[in-house]
Amino acid sequence: MGDKLDDFIDGLQNQIFQETRTAYGDLAFERWQNLLYMGAMDKPDGYARITGSCGDTMKIFLKFAKDHVQKASFQTDGCGTSAVCGSFAAEMALDKTPDDLVEVTGEKILEILGGFPKEDEHCAFLAAETLQEALNDYMMKLRADNQRRTE
Ligand code: FES
């Protein structure tokens, strides 16, 4: 009985995995199984937290060194696709200068992932918007520091 149930559950899981892979693509599926850059960061230089219209929240943390992103990570309470998009947003931020970071958009995330079903595209835009807000946070702190130094 136990074996039959295990086989049934395994079969069901394989079917779900197969359908997910077909709908979201290999890259997104593999990242979903191994979410890189996930977790909070202590004392980030840039941080943002945005709740999208779907009710899910995305957080992005950035650490800069010599005007380049040295570390990046994300956290979300949202769906699997938002986690995948947060993970890619963090990865795409790495080693970038503030000027280059501006180019990490929702469209770029979707392009790298090979597109998402229409109803999930907003997850990529939430991740990109949060990343841009974290960059904004960093730039504001930088400006305030520079101002303090010249006073
Ligand atoms: Fe809200 Fe994915 S459904 S971010």
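First listed ligand is number 1; within each ligand, the first listed atom is number 1. All figures in this text were calculated on a predicted structure; none of them were measured in a lab.
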Review point. Which residue supplies the protein heavy atom nearest to atom 1 (Fe) of ligand 1, what is that atom called, and how far is it?
Key: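 Here the closest protein heavy atom is Cys54 SG, 2.1 Å.
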Check your understanding: For ligand 1, which part of Met58 has a heavy atom less than 4.0 Å away: the side chain, the backbone, both, or neither?
Key ->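 Contact part for Met58 vs ligand 1: neither.
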Review point. Heavy atoms only: which of Ser82, Cys85, Gly80, Cys79 is nearest to atom 2 (Fe) of ligand 1?
Key: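 Closest candidate by heavy-atom distance is Cys79.
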Check your understanding: Side-chain donor-acceptor pair under 3.5 Å between Gln15 and Glu19, yes or no?
Key ->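 There is such a pair between these side chains.
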Practice item. Kindly say whether the aromatic ring centers of Tyr37 and Phe74 come within a distance under 6.0 Å. Key: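 Ring centroids of Tyr37 and Phe74 are no less than 6.0 Å from each other.
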Review point. For the rings on Phe61 and Tyr47, is their centre-to-centre separation under 6.0 Å?
Key: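 For Phe61 and Tyr47, the ring centres are under 6.0 Å apart.
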Point to revise | Considering only N, O or S atoms of Asp56, the one closest to atom 1 (Fe) of ligand 1 | key: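 Asp56's closest N, O or S atom to atom 1 (Fe) of ligand 1 is named OD2.
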Check your understanding: Between Glu121 and Lys118, is the closest basic N to carboxylate O distance under 4.0 Å?
Key ->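 Answer for the salt bridge query: yes.
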